[in-house]
Amino acid sequence: MNSSLPAPYPELTDPTAQATWESCLDIIRPQISSLSFKTWFQPVVPLRLENGHLTIKVPSQFFYDWLEEHYRSLISKTVESVLGPDGRLFYSIGVDELSQDATATAPAPVASGERPATMPSFAPYIAYKAEYTQPIHSNLNPRYTFDNFIKGDSNQLARAAALAVGNNPGGTSFNPLVIYGGTGLGKTHLMHALGNHAIALGKAKRVCYVSSEKFTVDFVEAIQADRVNEFSQFYRSMDLLIVDDIQFFSGKEKTQDNFFHTFNALYQVGKQIVLSSDVPPKELKGLDERLISRFQCGLTADIQAPDLETRIAILQKKAQENRLDLPQSVIDLIASNVTTNIRELEGCLISLLARASLENREITTDLAKDVLRMVVQEMKAPVSIEQIQRLVAEYLDVPFDLLRAKTRKQEVVHARQVSMFLAKELTNSSLKTIGLHFGGRDHSTVIHACQTVDDRLRSDANFRQQLDQLRRKLELRG
Ligand code: ADP
Ligand code: MG
């Protein structure tokens, strides 16, 4: 490339991609006029080379169409001779004038011969969709179906709405469908059931279930790897996008922004969006108003704690699934003691089974009472990072919000480090997740915090006491 010409995009290029593309140019240059070379090949920027996939960036959709129409075969042969028969070329297209995002990736299969010679020159994400026709992994759990979801007053609306949407994704006025309710009440089950149902009926091909936590972590990774376009386009190519536990988007502005555009792109072309949350959308804290108002334009359905009859029906169903002959008195006993959470109800049953088979005992009400006593104790929900943050903030008297803010004030830094340390110790969250809960800090910051607290614990008896007190308070919570 002529280095006196400014590169059209100031992106960092990967040196191996650069070298590969240079080799391609060396082959192409002698085969075309120098004017054509200068016009059509010099402005191309090689972005990256991964697993034999070279991604190049071109300035516009028009530019891309032109290359495809006039140089497809030349480029294809060239890429093959440089990267081997499995080599592939992807385009990333600058489309500032077309979309809110600065760019969109439109991978164009060039190297493999069986691909169509030209790609439609619609909006880039449609060109991208042409690439994404192969099945994707939906992350749906086939065990969650409508068949094994027990109907009750507490979940009637949510279930009916989920079924309607599963029957006709994108075709009802329930878009988005937002299901909200407390933990362990069946939100995730219903969403998987909806997705499985839509696929079984052939009503949606590209279905993706993702937790908002995973969406966030992947988004952060995409930023780091300079692959935000691919990330966005992947989600925008869905027929049915299911995002679980959107309360986790709280405070993550960049992720929210990306999700906002994804939401709009899908909504505008009539694709279905299904969301769940632990509170009604309007009560979601730390979420952009624009998002909240989008969430409210479809149907919001709640799931309440199940009543006694539903709990009994659920236990009977689970017992039946496990081929377990449970005395009615045991079912009644469990159903009347575990009242707020279906996951606990199941946990109780499993423990009962385990105890009975380990000790080779019959399942009686006495054994059930024994198990209940232990299970109810153990099953207190694990402490969350937010609970830790609130308690530490209160205990050390710093404003809770500052734990997630940028401030480097010493007392805030201290409270933040203590919270990170406890989050590492008391939750199963990864360092990355913990970092995200503290205003998107890096995992290395969390490691540093844990080390700092650890060092101080060794040398400072007062601090050790403080920390023990905090742990006790967290254990006693609720
Ligand atoms: P949430 O996502 O609301 O926290 P889940 O969907 O994970 O709750 O449900 C917790 C457990 O309870 C799952 O194993 C699920 O299969 C079961 N469950 C919840 N509601 C029902 C129901 N109505 N019928 C049968 N099982 C249920
Ligand atoms: Mg869930």
Side-chain angles (χ1 to χ4, degrees), residues 138-163 165-166 177-197 208-216 241-250 274-281 283-284 300-322 324 326 331 334-335 337-354 375-376 378-384 386-387 427-429 433 478:
S138 64
N139 295 321
L140 288 171
N141 185 338
R143 282 191 307 117
Y144 290 140
T145 62
F146 284 112
D147 278 347
N148 60 16
F149 188 85
I150 302 291
K151 265 193 278 186
D153 287 349
S154 51
N155 59 38
Q156 200 178 14
L157 175 64
R159 183 187 169 280
L163 190 57
V165 168
L177 170 63
V178 183
I179 299 173
Y180 76 89
T183 178
L185 296 182
K187 301 183 295 295
T188 299
H189 186 139
L190 261 188
M191 294 172 112
H192 282 271
L194 184 165
N196 286 323
H197 190 67
C208 178
Y209 166 92
V210 64
S211 68
S212 64
E213 186 156 8
K214 177 156 170 33
F215 187 93
T216 304
L241 177 62
I242 304 173
V243 186
D244 207 351
D245 291 321
I246 53 172
Q247 69 274 7
F248 188 76
F249 282 146
S250 164
V274 179
L275 309 168
S276 82
S277 153
D278 62 352
V279 290
E283 286 172 28
L284 280 164
T300 301
D302 68 332
I303 302 193
Q304 300 285 338
D307 52 29
L308 182 65
E309 287 73 30
T310 311
R311 296 200 296 276
I312 291 176
I314 289 173
L315 281 171
Q316 280 166 339
K317 178 88 183 172
K318 305 277 169 196
Q320 198 188 347
E321 279 170 12
N322 290 298
L324 195 68
L326 275 189
I331 290 187
I334 299 177
N337 279 280
V338 182
T339 56
T340 54
N341 180 324
I342 297 170
R343 197 174 293 127
E344 284 187 15
L345 216 52
E346 283 184 347
C348 218
L349 205 60
I350 292 167
S351 304
L352 190 60
L353 248 177
V375 165
V376 171
E378 269 173 26
M379 282 223 163
K380 278 200 171 162
V383 62
S384 72
E386 177 161 345
Q387 282 168 323
T427 73
N428 290 325
S429 308
T433 302

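Side-chain atoms are counted along with the backbone in the values below, which use heavy atoms only and exclude waters and symmetry mates. Just so you know, ligand 1 is whichever comes first in the structure, and atom 1 is the first atom listed for that ligand. One is the number of the first residue; the rest follow in order along the sequence. Please read these numbers as outputs of a predicted model, since none were measured by experiment.
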*If you measure from each non-hydrogen atom of N155 to ligand 1, which part falls under 4.0 Å: side chain, backbone, both or neither?*
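Contact part for N155 vs ligand 1: side chain (C-beta onward).
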*Answer with side chain, backbone, both or neither: which part of K317 has a heavy atom less than 4.0 angstrom from an atom of ligand 1?*
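No part of K317 comes within reach of ligand 1.
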*Which residue owns the protein heavy atom closest to atom 8 (O) of ligand 1, what's the atom, and how far is it?*
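The protein heavy atom lying closest is G186 N, 3.0 Å.
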*What protein heavy atom sits nearest atom 27 (C) of ligand 1, and how far off is it?*
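Heavy-atom neighbour on the protein nearest atom 27 (C) of ligand 1: I342 CG2, 3.7 Å.
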*Out of R343, K151, H189, who gets a non-hydrogen atom closest to atom 7 (O) of ligand 1?*
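Shortest heavy-atom distance from atom 7 (O) of ligand 1: R343.
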*Can you tell me if an N/O/S atom from T188 lies under 2.8 Å from the Mg ion (ligand 2)?*
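Yes, since at least one N, O or S atom of T188 sits under 2.8 Å from the Mg ion (ligand 2).
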*Near K151 NZ, under 6.0 Å, is it more than 12 heavy atoms from other residues, nucleotides or ligands?*
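It does not: K151 NZ has 12 such atoms or fewer within range.
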*At a 4.0 Å cut-off, with the gap strictly under it, does some heavy atom of K318 reach an atom of ligand 1?*
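Flag set, K318 near ligand 1.
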Atoms in ligand 1 flagged as close to [X], the criterion being non-hydrogen separation under 4.0 Å:
{"X": "G182", "value": "3 (O)"}
{"X": "T183", "value": "4 (O)"}
{"X": "Y144", "value": "14 (O), 16 (O)"}

*asked:* Run L345 and L315 through side chain to side chain contact (heavy atoms under 4.5 Å, CB included) and show every step you take.
replied: CA-CA 7 Å; L345 216 52; L315 281 171; 3.9 Å; yes
*Could you check S276 against D245 for side chain to side chain contact (heavy atoms under 4.5 Å, CB included), going step by step and ending with a plain yes or no?*
CA-CA 5 Å; S276 82; D245 291 321; 4.0 Å; yes
